[in-house]
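Some notes on the structure that comes next.
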Amino acid sequence: MTSSDALYHIGFGRGDLGPQPPVLAFLSGDPGRARYIAERYLTGVKKLSENRGLNSYLGLLPNGRPALSATSGMGAPSLSIVVNELVQVGMRAIIRIGTCGSIQSHVEPGSIVITSAALCRQGAANDIAPIEYPAAADPFLTVALAEAAHTLGVEHHVGITASVDTFYEGQERTGSANPYLLRALRGITEEYRQLNVLNYEMESGTLLKMGSVYGFAAGCVCGVIAQRTEGEAVLLEAKATAVENAIRVAVEAAMRFA
Ligand code: URA
């Protein structure tokens, strides 16, 4: 049973968050990952909602502080709705835990990328701030993520992420239902590689702009599951390690972040 102040999409409200409400949320694209984080890394877990695949759970971090594990869904439009509502229910820090494709040979599958800023090619973000507005992660949260990775011995890279709206065309994949790429997208991966962009993913740009505009701390850590300097495929054999690394680092960073 949810409280009467439940927000329309996330399916819960402030009234569901108890006497010690959390101010930090982990945000995964995949509802299964949101549930896994809650079950594996939080204690005293309460299911808040499983509405529209936007699963949300409340629990305690290993240091006893409360946290949410929520789902953004895939892509920036869905994320923008969830983040808006999470801020309405009191979140002051949001850490995206995602997956990504590397566009640098030294950023290997299984490792993680901590986004310091995003090259934001996302339509949803343009409804929130001008296209030129920086998509910068909260610097203190980013340091907490990098220190957590260092402490845990997780291979990590901190830098610029290309955050785009599509998995196929926008990330220059031609082995899909649409082999035709717009001229503007042909060669874009190599161009980004030359610009020292580390990886492709699909949500951080909008999240980071929202953090600066709304006034909450936004961060992003992604496990590397594709090596785009070599091919287009998702490397399923790297996924479990990459995702677990990203989650461990996010949880450790959350405990360090005041
Ligand atoms: N997520 C992406 O957006 N791209 C990839 O290549 C892998 C995961």
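Hydrogens, waters and symmetry mates are skipped; everything else that's a heavy atom, side chains included, is used. Index from 1, following the sequence. Every value quoted in this text rests on a predicted model; they were computed, and no experiment measured them.
Side chains of Thr71 and Val82 form no contact here, defined as non-hydrogen atoms less than 4.5 Å apart. At a threshold of 4.5 Å between non-hydrogen side-chain atoms, the residues Arg121 and Leu185 count as touching. Residues Val221 and Val113 form no side-chain contact, since every pair of their non-hydrogen atoms from C-beta on lies 4.5 Å or further apart. Counting heavy atoms from C-beta outward, Val83 and Ile94 have side chains that approach closer than 4.5 Å. Looking at Leu68 and Tyr57, their side chains never come closer than 4.5 Å, going by heavy atoms from C-beta outward. Residues Val107 and Asn199 form no side-chain contact, since every pair of their non-hydrogen atoms from C-beta on lies 4.5 Å or further apart. At least one side-chain heavy atom of Glu169 sits under 4.5 Å from a side-chain heavy atom of Leu181. Side-chain contact between Ser176 and Asn178: present, with at least one pair of heavy atoms (C-beta onward) separated by less than 4.5 Å.
The shortest non-hydrogen separation linking Ala34 to Ala70 is CB-O, 3.6 Å. Ala162 approaches Val197 most closely through the heavy-atom pair N-CG1, 3.5 Å. Annotation for Leu145 and Ala250: closest pair CD2-CA, 4.0 Å, computed over non-hydrogen atoms. The two residues Ala218 and Gly211 make their nearest non-hydrogen contact at CB-CA, 4.2 Å. The minimum heavy-atom distance between Gly205 and Ala135, with the atom names listed, is O-CB, 3.7 Å. Between Thr206 and Ala76, the shortest heavy-atom distance links the atoms OG1-CB, 3.3 Å.
Using a 3.5 Å distance cut-off with no hydrogens or angles, the side chains of Gln88 and Asn84 do pair a donor with an acceptor. Residues Glu232 and Thr174 bring a donor and an acceptor atom of their side chains to less than 3.5 Å of each other. A side-chain donor from one of Thr151 and Arg256 sits under 3.5 Å from a side-chain acceptor of the other. One side chain, Tyr200 or Thr189, offers a donor N or O that lies under 3.5 Å from an acceptor on the other. Side-chain atoms of Ser102 and Gln227 include a donor-acceptor pair closer than 3.5 Å. Defined by atom type and a distance below 3.5 Å, a donor-acceptor pair is missing between the side-chain atoms of Glu252 and Tyr41.
The ring-ring contact (aromatic ring centres under 6.0 Å, His included) contacts involving residues 75-125 comprise His106-His157, where partners must be two or more places apart or lie in separate chains.
Counting heavy-atom neighbours within 6.0 Å of Met74 CE, excluding the residue itself, gives a total of 12 or less. The environment of Tyr36 atom OH is dense: over 12 non-hydrogen atoms of other residues, nucleotides or ligands sit within 6.0 angstrom. Heavy atoms from other residues, nucleotides or ligands lying under 6.0 Å from CD1 of Ile131 number 12 at most.
The distance from atom CD1 of Ile95 to atom OG of Ser28, rounded to the nearest 0.5 Å, is 11.0 Å. Atom CG of Leu119 sits about 9.5 Å away from atom OG of Ser204, to the nearest 0.5 Å. Here CD of Glu244 is found 8.5 Å from OG1 of Thr241. Values are rounded to the nearest 0.5 Å. In this structure, CD in Gln194 is found 10.5 Å from CD1 in Ile103, a value given to the nearest 0.5 Å. With values rounded to the nearest 0.5 angstrom, Glu147 atom CD is found 12.0 Å from Phe257 atom CZ. Atoms CG and CD1, on Asn55 and Ile37 in that order, are 11.5 Å from each other to the nearest 0.5 Å.
A donor-acceptor pair under 3.5 Å is formed between the side chain of Glu203 and the backbone N or O of Gly75. Here the side chain of Lys46 pairs no donor or acceptor atom with the backbone of Gly59 at under 3.5 angstrom. Panel note: side chain His156, backbone Val154; a donor-acceptor pair is recorded below 3.5 Å. The backbone N or O of Ser72 lies less than 3.5 Å from a partner atom in the side chain of Ser78, making a donor-acceptor pair. Side-chain N or O atoms of Arg35 include none that pairs as donor or acceptor with a backbone N or O of Ala38 at under 3.5 Å. Distance alone, capped at 3.5 Å, is enough to place a donor-acceptor pair between the Ser116 side chain and the Gly159 backbone. Looking only at distances, no side-chain donor or acceptor of Asn245 sits under 3.5 Å from a matching main-chain atom of Ala242. Here the side chain of Glu155 pairs no donor or acceptor atom with the backbone of Ile112 at under 3.5 angstrom.
Residues Phe26 and Ile114 fall within the same hydrophobic cluster, defined by Ile, Leu, Val, Met, Phe, Trp and Tyr side chains chained together at heavy-atom separations under 4.5 Å. Clustering ILVMFWY residues whenever any of their side-chain heavy atoms sit less than 4.5 angstrom apart, transitively, puts Ile97 in the very cluster that holds Leu141. Cluster annotation: Ile188 is not connected to Phe167 through the hydrophobic network of ILVMFWY side chains, with a link wherever side-chain heavy atoms come within less than 4.5 Å. Leu86 and Leu61 are not part of a single hydrophobic cluster, where members link through side-chain heavy atoms under 4.5 Å apart. Transitive grouping of hydrophobic side chains (ILVMFWY, heavy atoms separated by less than 4.5 Å) keeps Val23 and Phe216 in distinct clusters.
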- Evaluate the criterion side-chain hydrogen bond (donor to acceptor under 3.5 Å, both in side chains) for residue pair Arg52 and Tyr8; output intermediate values, then yes/no. CA-CA 10 Å; Arg52 296 167 174 248; Tyr8 181 67; 3.1 Å; yes
- Could you walk me through whether Ser163 and Gln122 pass side-chain hydrogen bond (donor to acceptor under 3.5 Å, both in side chains), step by step? CA-CA 7 Å; Ser163 195; Gln122 296 187 316; 3.2 Å; yes
- Could you go step by step and tell me if Arg96 and Thr115 meet the side-chain hydrogen bond (donor to acceptor under 3.5 Å, both in side chains) rule? CA-CA 10 Å; Arg96 163 165 156 72; Thr115 300; over 6 Å; no
- Criterion side-chain hydrogen bond (donor to acceptor under 3.5 Å, both in side chains) on Thr161 and Glu201, from CA distance to verdict: CA-CA 7 Å; Thr161 291; Glu201 59 77 74; 5.7 Å; no
